[in-house]
Amino acid sequence: MPRPARLGRRFFARPTLEVARGLLGATLVHQVGPGDRRVGRIVEVEAYVGPSDRASHARFGPAGRARVMFGPPGHAYVYFIYGMYYCMNAVTEREGHAAAVLLRAIEPVKNVEGRTQGPGLLCRAMNIDKHLNGHDLESDDFHIAAPRQEVPQVIVKRPRVGVDYARRWAKRHLRFYIQGNPFVSRP
DNA sequence: TGCACGATGAAC
DNA sequence: TTCATCGTGCAC
């Protein structure tokens with residue numbers, strides 16, 4: 001059986017909506033320590049398309065919290081939120097175009113315990129925190145791999161969660177998930 | 001220097 | 001609907 005192809009710079013250096021849809025069904029891998037390689041299948045994501053996206057942290061500019069989003073694609077943007085949770089994004093588009101895809105839910109595949117429905121729980125279960133902010137996703141210990149084979153899946157488009165303050169940007173269907181998957185946070 | 005608030009999740 | 005809990009952004 002062929003080894004799943006690790007997604008590299010070229011995959012992420014594309015339009016964010018394409019990357020978002022392409023990440024559904026892919027597997028997130030984090031080698032937490034010796035003998036603890038955690039793997040989860042991505043089933044729900046959100047796209048944050050640029051600094052003009054009023055829901056994106058990129059709106060605060062390259063000197064702000066989301067400076068990693070202004071850097072090269074294929075890196076992790078991990079931030080701390082509500083005083084207790086971390087959320088993980090994969091940076092997209094070309095360097096200088098601040099965009100990313102938020103990973104909202106995974107289906108446990110290997111060594112993943114606890115709930116994984118929602119960006120905060122996902123990071124907790126995968127042991128992802130601020131020490132991984134800015135980490136290169138083209139690495140052995142932390143990366144995303146393409147599905148082994150094309151699995152038929154219907155992709156649902158919905159408004160993003162928790163961004164009502166963003167006016168018209170809150171209405172756009174920039175959340176994507178695999179229809180019928182039981183691990184989606186908010187079907 | 002202070003303060004309001006959030007790309008959340010759980011309890012009530 | 002409220003609350004836990006704290007870093008960030010911005011007003012002062």
Side-chain angles (χ1 to χ4, degrees), chain A residues 12 14-24 26 28 30 38 40-93 97-108 112-135 137 142 144 155-178 181-187:
Chain A
F12 295 100
R14 294 187 297 143
T16 305
L17 297 191
E18 288 182 23
V19 175
R21 287 186 288 258
L23 284 176
L24 292 176
L28 176 64
H30 183 203
R38 305 190 191 185
R41 182 167 173 261
I42 299 167
V43 300
E44 180 184 358
V45 298
E46 282 178 358
Y48 289 83
V49 301
S52 61
D53 177 349
R54 302 310 291 171
S56 175
H57 294 167
R59 71 187 186 278
F60 298 117
R65 165 175 41 166
R67 54 190 165 279
V68 174
M69 288 177 70
F70 290 81
H75 288 248
Y77 164 45
V78 181
Y79 64 89
F80 186 57
I81 190 68
Y82 295 117
M84 60 185 78
Y85 294 106
Y86 289 97
C87 293
M88 177 199 165
N89 300 252
V91 175
T92 62
E93 312 264 0
H97 180 142
V101 175
L102 171 70
L103 306 188
R104 281 197 58 89
I106 58 171
E107 173 182 336
V112 176
E113 295 177 10
R115 300 186 61 193
T116 58
Q117 301 169 306
L121 293 178
L122 179 162
C123 283
R124 177 190 292 173
M126 289 291 289
N127 206 46
I128 293 167
D129 61 28
K130 65 184 175 202
H131 85 276
L132 289 172
N133 186 34
H135 198 288
L137 288 173
F142 191 42
I144 299 173
I155 297 178
V156 180
K157 306 172 183 64
R158 289 287 182 272
R160 294 173 294 186
V161 176
V163 297
D164 288 347
Y165 61 84
R167 310 281 183 104
R168 67 189 176 92
W169 283 96
K171 294 180 165 59
R172 291 189 55 180
H173 285 34
L174 294 174
R175 181 165 70 107
F176 305 90
Y177 62 84
I178 299 175
N181 188 285
F183 294 91
V184 171
S185 69
R186 298 178 57 170

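Below, chain A is the first sequence line, B the second, and so on; all start at residue 1.
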Taking only residues two or more places apart in sequence, or in another chain, which ones meet A:T16 in a side chain to side chain donor-acceptor pair (under 3.5 Å)?
A:T92, A:E93
Rounded to the nearest Å, what distance is computed from the [atom1] atom of residue [X] to the [atom2] atom of nucleotide [N]?
X	N	atom1	atom2	answer
A:R175	B:dT8	CZ	P	10 Å
A:Y165	B:dA4	OH	C1'	14 Å
A:K130	C:dC6	NZ	P	11 Å

Determine the Euclidean distance between corresponding P atoms of B:dG2 and C:dT5; express it in Å to zero decimal places.
22 Å
Using the P atoms only, state how far C:dT2 lies from B:dC5, rounded to an integer number of Å.
14 Å
Ignoring hydrogens and angles, tell me if any N or O in the side chain of [X] forms a donor-acceptor pair with the backbone of [Y] under 3.5 Å.
X	Y	answer
A:R59	A:S56	yes
A:R160	A:R175	no
A:E44	A:P119	no

Given A:E46, which of A:K157, A:R21, A:R104 fulfils the salt bridge (charged side-chain N to carboxylate O under 4.0 Å, His left out) condition?
A:R104
For A:I42 and A:L23, the nearest pair of non-hydrogen atoms, with its separation, is CB-O, 3.4 Å
Distance-only criterion, 3.5 Å: show the donor-acceptor pairs between side-chain atoms of residues 69-83 of chain A and protein atoms not counting sequence neighbours.
unit_1: A:H75; atom_1: ND1; unit_2: A:G134; atom_2: O; d: 3.3
unit_1: A:Y77; atom_1: OH; unit_2: A:H57; atom_2: ND1; d: 2.7

So what does the secondary structure string of DNA chain B come out as, 5' to 3', with Watson-Crick or wobble pairs under 3.5 angstrom, [ ] for crossing and | for pairs with another strand?
||||||.||||.
Contacting residues from residues 77-92 of chain A, given that a heavy atom lies under 4.0 angstrom of DNA chain C:
A:F80, A:Y82, A:G83, A:M84
Tell me which residues in residues 52-65 of chain A put a heavy atom below 4.0 Å from DNA chain C, sorted by number, or none.
A:F60, A:G64, A:R65
Partner set under salt bridge (Lys or Arg N to Asp or Glu O under 4.0 Å) for A:R65, not counting sequence neighbours:
none
